[in-house]
K.L.:
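After the structure tokens below, expect a handful of questions from me.
Bear in mind the structure is a predicted one, so any value in this text is a computation, not a measurement. Residues take their numbers from the sequence shown, with the count starting at 1.
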Amino acid sequence: ILQGIVAEITHLLSARGASVILHNEALHKAEATTSYGVDAKIRTVRYPLADSLAGWVARERQSLRVPRLTAQEWPVVWELAKQFVPEPEPVAVLLVPLRVQGKVLGSLEAIWNPGYLITEHDERRLEALADQAALAITNARLIEEKERAVQAAQASEARYRELFENANDAIITFTVDGVLTSVNRGFEAM
């Protein structure tokens, strides 16, 4: 899902690169899935949320336009960029918050060549993508949680069955109406 969102941002906004940045406020970290870099391959990187562009969006809860990102203004971001390009150059950057039920869970980022003039239209398009992306990410998380809960229930049932079947003591179960529903091997042996 994140890779598809990155590709869509790059395509729709004719951007040089794009990122989906998810916040982990408990750990004060950000995790960016990005296409920024020399080879423009999709990769994921984790970094401290503090002093980053994503940290600013998380704190201020609004969009951020940086017409010319430089090492002097954003030194932490500049150091992060060195993971993708050996010698970063100034770029134009736009970040918009990913909101779900009033909570900022991350941000979308579009990156253009230096000198690109970020327009109101660019910001509105990225905000529209952020609304859709937030729903897709939330739905994916809910599906993952459901799958983990089902797996946990199945594992619990398997442990119960194992204990029930292999107990040396006789175990039987009944419904509230007194109907016998199961017996274990210990009961059969008795």
Side-chain angles (χ1 to χ4, degrees), residues 1-100 103-116 118 122-123 125-145 147-148:
I1 290 174
L2 300 180
Q3 290 178 0
I5 295 167
V6 167
E8 198 65 23
I9 294 168
T10 306
H11 173 73
L12 285 177
L13 295 174
S14 300
R16 172 178 170 181
S19 305
V20 177
I21 305 165
L22 300 177
H23 304 164
N24 183 332
E25 302 218 3
L27 298 176
H28 307 289
K29 298 271 186 192
E31 180 176 289
T33 299
T34 185
S35 65
Y36 176 70
V38 176
D39 55 11
K41 286 189 335 189
I42 302 281
R43 60 184 106 181
T44 299
V45 62
R46 290 171 187 82
Y47 57 90
L49 198 51
D51 299 324
S52 70
L53 300 175
W56 189 95
V57 171
R59 187 176 56 255
E60 300 297 323
R61 305 175 53 80
Q62 62 183 10
S63 298
L64 173 64
R65 287 187 200 186
V66 181
R68 186 171 172 82
L69 182 91
T70 63
Q72 293 75 27
E73 292 179 42
W74 294 93
V76 172
V77 176
W78 199 261
E79 287 303 311
L80 179 64
K82 288 181 179 179
Q83 293 183 32
F84 303 105
V85 288
E87 294 183 36
E89 59 183 4
V91 291
V93 181
L94 170 64
L95 284 92
V96 300
L98 283 167
R99 289 188 178 93
V100 175
K103 183 178 184 232
V104 176
L105 65 98
S107 52
L108 294 188
E109 175 184 60
I111 303 161
W112 293 275
N113 288 327
Y116 180 83
I118 302 169
D122 293 328
E123 189 170 334
R125 288 177 98 179
L126 194 55
E127 287 172 345
L129 282 171
D131 291 343
Q132 294 173 2
L135 291 173
I137 292 166
T138 300
N139 287 339
R141 286 178 170 175
L142 290 172
I143 290 168
E144 284 178 355
E145 286 176 23
E147 287 173 356
R148 280 194 299 271

K.L.:
Please assess L49 against L27 for the test side-chain contact (heavy atoms from CB on, under 4.5 Å), listing each intermediate value before the final yes or no.
P.N.:
CA-CA 9 Å; L49 198 51; L27 298 176; over 6 Å; no

K.L.:
Does CD in Q3 sit with more than 12 non-hydrogen atoms of other residues, nucleotides or ligands closer than 6.0 Å?
P.N.:
no

K.L.:
Might you work through the side-chain contact (heavy atoms from CB on, under 4.5 Å) test for I5 and T33, ending with a clear yes or no?
P.N.:
CA-CA 10 Å; I5 295 167; T33 299; over 6 Å; no

K.L.:
Answer yes or no: is there a donor N or O on one side and an acceptor on the other, between the side chain of R46 and the main chain of K29, under 3.5 Å?
P.N.:
no

K.L.:
Measure across A58 and V104 and return the closest heavy-atom pair with its distance rounded to 0.1 Å.
P.N.:
CA-CG1, 4.4 Å

K.L.:
Rounded to the nearest 0.5 Å, what's the gap from CD1 on I111 to OH on Y116? Could you check?
P.N.:
13.5 Å

K.L.:
Any donor-acceptor pair under 3.5 Å linking the side chain of S52 with the backbone of V77?
P.N.:
no

K.L.:
Indicate yes or no for a side-chain donor-acceptor contact from R65 to the backbone of I118 under 3.5 Å, with no hydrogens or angles considered.
P.N.:
yes

K.L.:
List the residues meeting ring-ring contact (aromatic ring centres under 6.0 Å, His included) with Y47, not counting sequence neighbours, and say none if there are none.
P.N.:
none

K.L.:
Please list, one pair per line, the donor and acceptor atoms closer than 3.5 Å that link side chains of residues 79-100 to other protein atoms, with sequence neighbours excluded.
P.N.:
residue: E79; atom: OE2; partner: K82; partner atom: NZ; Å: 3.2
residue: E89; atom: OE2; partner: R16; partner atom: NH1; Å: 3.1
residue: R99; atom: NH2; partner: R61; partner atom: O; Å: 2.4

K.L.:
If you look at every heavy atom in A18 and I9, which pair is closest and at what distance?
P.N.:
CB-CG2, 3.5 Å

K.L.:
Using modelled atom types only, decide if a donor and an acceptor are shared between the side chain of S35 and the backbone of I42 within a distance under 3.5 Å.
P.N.:
no

K.L.:
For a quick test of reading the model, state the closest non-hydrogen atom pair linking V76 to A50 and the distance between them.
P.N.:
CG1-O, 4.4 Å

K.L.:
Does E73 have any side-chain contact (heavy atoms from CB on, under 4.5 Å) partners at least two apart in sequence or in another chain, and if so, which?
P.N.:
T70

